[in-house]
Q: 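Below you will find the structure I want to go over with you.
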Amino acid sequence: MSIQSTIEAAASTLPPSLARVAAVVRENPSIVIDKTINELADECRTSVASVVRFCRAIGFSGYAPLRMALATELGKEAAQFSARGAFGSEISDEDTLQEAVSKLAALELLAIEETVAKLDFDVLEAAIDAIDSADRILLYGIGASQFVAEDLAHKLLRVGRNAHVLSDSHEAVAASVLQSAPTVAIGFSHAGSTIETVRFLETARANGSATVAVTSAKDSPLARAADHALFTEVRESTFRAGAMVSRIAQLALVDCLFIGVAKRRFTETVDALQRTREATRALRD
């Protein structure tokens with residue numbers, strides 16, 4: 001997992017003094033290279049001790065090891081982004097439209113590559129087992145994560161699986177309580193701390209469902225509520241409101257789940273896709 005992705009994933013779980021450091025470094029990673037630990041502490045309105053604690057929270061013994069590792073990472077990425085026609089990972093107001101789009105594309109490609117590279121295939125296989133053996137598949141997310149839930153539900157419905165996207169928190173919790181058939185509940189949340197989604201998975205597991213989480217935060221309430229937690233590795237762009245990069249990484253994991261489920265019953269899946277394609281052909285003319 002890259003240093004920047006680690007910071008992104010940990011940011012929501014850090015105490016305020018450390019979260020300020022995370023926010024500054026997320027916005028401008030090169031600040032760690034350009035500034036001393038005292039200067040960074042001043043920039044973040046915190047103490048040197050808090051900066052050291054931040055370093056330890058993301059897996060480094062101190063500021064010097066973080067500087068060296070981040071300098072190496074940024075150097076490699078500069079070459080990688082340049083080869084793809086991008087000019088760095090962060091979008092600024094001085095960028096042309098072409099530069100901004102190129103940077104965003106580089107971030108999204110990087111998110112997919114890092115997510116797949118760090119994917120735990122044993123956990124993925126277990127999640128696929130849970131989905132394949134379920135008679136009822138419940139999916140829930142808030143905001144942009146709901147669109148990802150809908151994408152997986154659409155794919156599963158196309159191959160004859162009983163998948164339901166739940167539209168609000170009351171409906172989600174109510175559905176997760178009822179166990180009329182073997183059920184798997186899948187929750188989507190980039191930060192892993194969305195209260196409604198966490199409650200959905202907690203309730204589903206308490207009532208006998210298998211639970212799957214798709215999130216970027218390993219030490220998060222959503223991950224702890226899941227029997228099987230799948231993690232994205234992302235760094236959001238400056239314009240985070242639309243959850244652009246995190247959504248792309250979640251969609252990559254959704255496709256991994258779908259391909260795994262589809263392969264379990266390959267002939268049936270191909271037949272279902274062909275039949276549904278033919279059935280909707282007249283609607284596309």
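By convention here, the first residue in the shown sequence is residue 1.
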Q: Heavy-atom distance under 4.5 Å between the side chains of Leu40 and Asn38, does that happen here?
A: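 SC-SC contact between Leu40 and Asn38 ruled out.
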Q: Does any N or O in the side chain of Ser216 come within less than 3.5 Å of the main-chain N or O of His190, such that one atom is a donor and the other an acceptor?
A: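 Yes, the answer is positive, given that a donor and an acceptor are paired below the 3.5 Å cut-off.
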Q: Give a yes-or-no answer on whether the side chains of Ser5 and Glu114 include a donor-acceptor pair shorter than 3.5 Å.
A: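 Indeed, the side chains of Ser5 and Glu114 share at least one donor-acceptor pair under 3.5 Å.
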Q: What's the spacing between Gln146 CD and Thr197 OG1 if we round to 0.5 Å?
A: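 Between atom CD of Gln146 and atom OG1 of Thr197 there are 10.0 Å.
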Q: How far apart are the closest heavy atoms of Ile31 and Tyr63, and which atoms are they?
A: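 Reported closest heavy-atom pair: O-OH, 4.2 Å.
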Q: Would a distance-only check, ignoring hydrogens and angles, find a side-chain to backbone donor-acceptor pair under 3.5 Å from Asp135 to Ala181?
A: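 Flag not set: sc Asp135 to bb Ala181 has no pair under 3.5 Å.
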Q: Are the side chains of Leu251 and Arg247 in contact, using a 4.5 Å heavy-atom criterion?
A: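 Heavy-atom side-chain distance check passes, below 4.5 Å.
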Q: Side chain to side chain contact (heavy atoms under 4.5 Å, CB included), that's the test. Do Ile7 and Phe54 meet it? Break it down for me.
A: CA-CA 9 Å; Ile7 295 170; Phe54 166 76; 4.0 Å; yes
Q: Quick one: pull up CD in Gln250 and CZ in Phe231 and give me the separation to the nearest 0.5 Å.
A: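 Output value for this atom pair is 12.5 Å.
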Q: Tell me the closest heavy-atom pair linking Ser189 and Thr194, and the distance in Å.
A: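 Looks like OG-OG1, 3.1 Å.
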Q: Evaluate the criterion side chain to side chain contact (heavy atoms under 4.5 Å, CB included) for residue pair Asp151 and Asp255; output intermediate values, then yes/no.
A: CA-CA 9 Å; Asp151 184 80; Asp255 287 345; 4.2 Å; yes
Q: Taking Ser167's backbone N and O only, do any of them form a donor-acceptor pair with Glu171's side chain (distance below 3.5 Å, no angle check)?
A: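 Flag set: sc Glu171 to bb Ser167 pair under 3.5 Å.
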Q: Taking Thr115 for the side chain and Ile112 for the main chain, is one N or O donor matched with an acceptor at less than 3.5 Å?
A: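 Such a contact is absent between Thr115 side chain and Ile112 backbone.
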Q: Does Arg275 have more than 12 heavy atoms from other residues, nucleotides or ligands lying within 6.0 Å of its CZ?
A: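 Atom CZ in Arg275 is not packed in, count stays at 12 or less.
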Q: Take atom CZ in Arg199; do more than 12 heavy atoms of anything else shown fall under 6.0 Å from it?
A: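 Not more than 12 within 6.0 Å, no.
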Q: For Thr46, does its backbone N or O pair with a side-chain atom of Ser50 as donor and acceptor, under 3.5 Å?
A: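 A pair under 3.5 Å: no.
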Q: So, for Phe188 and Val254, which heavy atoms are closest and what is the spacing to 0.1 Å?
A: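 Smallest heavy-atom distance, with atoms named: CE2-CG2, 3.8 Å.
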Q: Is Lys218 paired with Glu233 through a side-chain N to carboxylate O contact shorter than 4.0 Å?
A: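 Yes, this pair counts.
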Q: Counting N and O atoms only, with roles assigned by atom type, does the side chain of Ser209 sit under 3.5 Å from a partner on the main chain of Arg205, one being a donor and the other an acceptor?
A: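 No: the side chain of Ser209 does not pair with the backbone of Arg205.
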Q: Could you tell me if the side chain of Ile131 sits less than 4.5 Å from the side chain of Ile186, heavy atoms only?
A: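 In contact.
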Q: Counting distance only, does the side-chain N/O of Glu39 pair as donor-acceptor with the main-chain N or O of Thr36 below 3.5 Å?
A: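 It does hold such a pair.
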Q: Between Leu139 and Ala163, what is the shortest heavy-atom contact and its length?
A: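 So the minimum-distance heavy-atom pair works out to CD1-CB, 4.0 Å.
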Q: Does Ala217 offer a backbone N or O that forms a donor-acceptor pair with the side chain of Thr215 under 3.5 Å?
A: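 Here the side-chain-to-backbone pair exists.
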Q: Answer yes or no: is there an ion pair linking Arg264 with Glu125, defined by an N-O contact shorter than 4.0 Å?
A: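 Salt bridge present between Arg264 and Glu125.
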Q: Side-chain contact, heavy-atom cut-off 4.5 Å: Gln4 with Leu70?
A: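 Counting from C-beta outward, Gln4 and Leu70 do come under 4.5 Å.
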Q: Which atom names give the shortest non-hydrogen contact between Ala22 and Leu14, and what distance separates them?
A: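 Ala22 and Leu14 have their closest heavy atoms at CB-CD1, 3.8 Å.
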Q: Share the residues that join Val270 in a hydrophobic cluster, the rule being Ile, Leu, Val, Met, Phe, Trp or Tyr side chains under 4.5 Å apart at the heavy-atom level.
A: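 Under the 4.5 Å side-chain rule, Val270 groups with Phe266.
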Q: Side chains of Asn28 and Ser30: donor-acceptor distance under 3.5 Å anywhere?
A: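 Note: Asn28 and Ser30 side chains meet the donor-acceptor criterion.
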Q: Side-chain contact test, heavy atoms from C-beta onward, threshold under 4.5 Å: evaluate it for Cys256 versus Leu119 and give yes or no.
A: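 A side-chain contact under 4.5 Å exists here.
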Q: Any side-chain heavy-atom pair from Leu18 and Val51 closer than 4.5 angstrom?
A: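 In short, these two side chains do not touch, never coming nearer than 4.5 Å.
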Q: Is the backbone N or O of Ile3 less than 3.5 Å from a side-chain atom of Glu73, with the two atoms forming a donor-acceptor pair by type?
A: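 It does hold such a pair.
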Q: Side-chain contact test, heavy atoms from C-beta onward, threshold under 4.5 Å: evaluate it for Val184 versus Leu138 and give yes or no.
A: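 They are not in side-chain contact.
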Q: Main chain of Asp227, side chain of Thr211: is a donor-acceptor contact present, judged purely on distance under 3.5 Å?
A: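 Yes, the answer is positive, given that a donor and an acceptor are paired below the 3.5 Å cut-off.
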Q: Test: ring-ring contact (aromatic ring centres under 6.0 Å, His included). Region: residues 135-170. Which pairs qualify, not counting sequence neighbours?
A: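 As it turns out, the ring-ring contact (aromatic ring centres under 6.0 Å, His included) pairs with a partner in residues 135-170, which skip direct neighbours, are Tyr140-Phe200.
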Q: How about CG on Leu178, more than 12 heavy atoms from neighbouring residues, nucleotides or ligands closer than 6.0 Å, or not?
A: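 Yes, because the 6.0 Å sphere around CG of Leu178 holds more than 12 heavy atoms from other groups.
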Q: Please identify each residue that fulfils salt bridge (Lys or Arg N to Asp or Glu O under 4.0 Å) with Arg161, with sequence neighbours left out.
A: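 With sequence neighbours excluded, Arg161 shows a salt bridge (Lys or Arg N to Asp or Glu O under 4.0 Å) to Asp132, given in chain and number order.
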Q: Drop me the distance from Cys55's SG to Arg67's CZ, to the nearest 0.5 angstrom.
A: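 One gets 10.5 Å once the value is rounded to the nearest 0.5 Å.
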Q: Test Asp219 against Arg224 for salt bridge (Lys or Arg N to Asp or Glu O under 4.0 Å), laying out the working first.
A: CA-CA 7 Å; Asp219 186 23; Arg224 292 192 292 270; 2.9 Å; yes
Q: List the steps, then state whether side chain to side chain contact (heavy atoms under 4.5 Å, CB included) holds for Ile37 with Val52.
A: CA-CA 8 Å; Ile37 189 170; Val52 173; 3.7 Å; yes
Q: When you compare the side chain of Leu66 with that of Ile58, does any pair of heavy atoms fall below 4.5 Å?
A: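 In short, these two side chains touch, coming nearer than 4.5 Å.
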Q: Does Val123 form a side chain to side chain contact (heavy atoms under 4.5 Å, CB included) with Leu230? I'd like the steps, not just the answer.
A: CA-CA 7 Å; Val123 175; Leu230 296 167; 3.8 Å; yes
Q: If you look at every heavy atom in Ala225 and Leu201, which pair is closest and at what distance?
A: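 Taking every non-hydrogen atom into account, CB-CB, 3.9 Å.
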